[in-house]
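See below for the structure under consideration.
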Amino acid sequence: MDYTRLYDEYLRHWRPIDPVVMFEILVFAYMNRIYSSRAIEQACKTDVRFMWLLQGESAPDHATFARFQNERLTDVIEDLFVQLVMKLHELGEINFKNIFIDGTKIEANAKLKYKGTMTVFMNI
């Protein structure tokens with residue numbers, strides 16, 4: 001994958017963390033349904049898989065993940081994910097035969113049966 005735009009966007013002079021490692025950690029966290037920057041920080045401190053991705057570096061704090069995601073990654077995220085999807089397609093991990101979009105709408109029926117005052121509801 002070409003990370004040139006990511007390197008151009010993410011310049012740090014204090015405690016440099018490789019932006020590719022940060023991107024890999026975010027992708028891996030999302031794959032494991034970890035979305036909160038605090039939860040990602042905790043996973044980097046306790047989960048061996050995240051420690052392996054850090055390559056011996058200490059875990060960045062949650063603010064670093066939040067800034068990276070919200071400030072540095074916004075201009076390059078689409079390009080990186082397109083590259084990632086194409087790479088997965090080249091490796092045979094995904095194909096483009098089926099595309100699923102979930103637009104499920106479920107109607108709530110809480111008030112349909114129980115119309116009336118709270119007293120009537122409590123006596124049911």
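Side chains are part of it too, since the values below use all heavy atoms of this structure and drop only hydrogens, waters and symmetry mates.
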With a 4.5 Å heavy-atom cut-off, do Arg67 and Thr64 have their side chains touching?
yes

Partners meeting side chain to side chain donor-acceptor pair (under 3.5 Å) with Tyr30 (sequence neighbours left out)
Gln69

Holding to side chain to side chain donor-acceptor pair (under 3.5 Å), I want the full list of residues that pass it with Asp18, two or more places apart in sequence or in another chain.
Tyr7

If the condition is side-chain contact (heavy atoms from CB on, under 4.5 Å), which residues does Leu88 pass it with, not counting sequence neighbours?
Leu84, Glu93, Ile94

Sequence neighbours left out, what passes side-chain contact (heavy atoms from CB on, under 4.5 Å) with Asp2? Give chain and number order.
Thr4, Gln83

Filter on ring-ring contact (aromatic ring centres under 6.0 Å, His included), then keep only pairs touching residues 53-79, sequence neighbours left out; what's left?
Tyr10-Phe68

Please list all pairs meeting salt bridge (Lys or Arg N to Asp or Glu O under 4.0 Å) that have one or both residues in residues 29-45, counting only residues at least two apart or in different chains.
Glu41-Lys45

Take Phe23 and Val76 through the test side-chain contact (heavy atoms from CB on, under 4.5 Å) and record every step on the way to the result.
CA-CA 11 Å; Phe23 177 69; Val76 297; over 6 Å; no

Hydrophobic clusters here meaning ILVMFWY residues chained together by side-chain heavy-atom distances under 4.5 Å, can you tell me if Val85 and Leu91 are in one?
no

Could you pull out all donor-acceptor pairs under 3.5 Å where a side-chain atom in residues 46-55 meets a protein atom, sequence neighbours excluded?
| unit_1 | atom_1 | unit_2 | atom_2 | d |
| --- | --- | --- | --- | --- |
| Thr46 | OG1 | Gln42 | O | 2.9 |
| Asp47 | OD1 | Arg49 | N | 2.9 |
| Asp47 | OD1 | Arg49 | NE | 3.2 |
| Asp47 | OD2 | Arg49 | NE | 3.4 |
| Asp47 | OD2 | Arg49 | NH2 | 2.8 |

Residues forming a ring pair (Phe, Tyr, Trp, His ring centres under 6.0 Å) with His89, sequence neighbours excluded:
Phe96

Passes side-chain contact (heavy atoms from CB on, under 4.5 Å), Phe28 versus Ile34? Steps please.
CA-CA 9 Å; Phe28 189 68; Ile34 302 173; over 6 Å; no

